[in-house]
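These notes are about the structure you will find just below.
These numbers were taken from a predicted model, which means no experiment stands behind them. What you see below is based on every heavy atom in this structure, not just the backbone, and it leaves out hydrogens, waters and symmetry mates. One is the number of the first residue; the rest follow in order along the sequence.
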Amino acid sequence: GNQFHKPDFHFGISSSNSASYTSTPLNTPKWNNRTRISAILGKTNIMSLGPTTTSGMDWNSMIGLTDRLKRDDYHRDYLLITIGSYFGLRISDLLSIKWKDVFEKDELIIVESKTRKSRKIAINDKVKEAIHYCASESIDRNQFVFANRWGGALSVSYINRCLKVIFAKYSVRVQNPSSHTLRKTF
């Protein structure tokens, strides 16, 4: 079966007289991080813990959330959830969008980072409204729509933390909230 044996650890002195350790796995064809973790967890196969699944938002919940974010002047979050839910893009592609790609445009043309396929996405009136509401008169069209304070794209981990806070604050119930929630809402 998939049972893992704890290794024998040997601490010793190397030829350079500094402490070192080596491990000798017993009856294990390949001793890697997964098998180490499994051994630490008491011989439980780490893969048996199951996948983490994310649910999308109910469409009416998403509309209500964007309305409340707009009302409360959370412009970036309003735009992120609007674009993310209407476009259905992976977060890496969403974060790569620049103002010149969407401002005063009828469609977004993007090469998806994972598949390298070109996609043409219609920009509907709801998304156009959000873009115009959030764009200032002096935007740099070469700037990322979701930029950090230094002008670079926001990180996925930052977006995930923000979304968890937003969903909690506005009592939006989703399973394992993350940036993938927006894609699943689509």
Hey, what do you get for [atom1] ([X]) to [atom2] ([Y]), rounding to the nearest 0.5 Å?
X	Y	atom1	atom2	answer
Glu129	Ile131	CD	CD1	10.5 Å
Lys105	Glu107	NZ	CD	9.0 Å
Ile159	Leu80	CD1	CG	5.0 Å
Gln143	Lys100	CD	NZ	11.0 Å

[Y] side chain reached by [X] side chain, heavy atoms, under 4.5 Å:
X	Y	result
Leu65	Ile166	yes
Leu89	Ile97	yes
Phe87	Val127	yes
Asp101	Ile110	no
Tyr133	Leu79	no
Leu94	Ile83	yes
His132	Phe103	yes

Under the side-chain hydrogen bond (donor to acceptor under 3.5 Å, both in side chains) rule, what do Asp77 and Tyr170 come out as? Steps first, then yes or no, please. CA-CA 12 Å; Asp77 300 331; Tyr170 289 95; over 6 Å; no
Does atom [atom1] of [X] have more than 12 heavy-atom neighbours, drawn from other residues, nucleotides or ligands, at distances under 6.0 Å?
X	atom1	answer
Phe167	CZ	yes
Arg173	CZ	no
Lys164	NZ	no

Compare every heavy atom of [Y] with every heavy atom of [X], then report the nearest pair and how far apart it is.
X	Y	answer
Ala130	Thr82	CB-CG2, 3.9 Å
Arg76	Leu154	CD-CD1, 3.8 Å
Gly152	Phe144	C-CD1, 3.7 Å

Please confirm whether the backbone N or O of [Y] pairs with a side-chain atom of [X], one donor and one acceptor, at under 3.5 Å?
X	Y	result
Thr66	Ile63	yes
Ser96	Asp93	yes
Arg68	Gly64	yes
Arg90	Lys114	no

Before you tell me yes or no, could you show the steps for Ile91 and Asn160 under side chain to side chain contact (heavy atoms under 4.5 Å, CB included), namely the whole-Å CA-CA distance, both residues' side-chain angles and the distance that decides it to 0.1 Å? CA-CA 10 Å; Ile91 192 63; Asn160 287 336; 5.9 Å; no
Path from [X] to [Y] over hydrophobic side-chain contacts below 4.5 Å:
X	Y	value
Leu95	Val165	no
Ile121	Ile81	yes
Trp59	Leu163	yes

Cationic N near anionic O, under 4.0 Å, Asp106 to Lys128: yes
Under the side chain to side chain contact (heavy atoms under 4.5 Å, CB included) rule, what do Ser118 and Ile109 come out as? Steps first, then yes or no, please. CA-CA 7 Å; Ser118 180; Ile109 300 171; 4.0 Å; yes
Geometric cation-pi criterion Lys126 and Tyr86, 6.0 Å radius, 45° cone: no
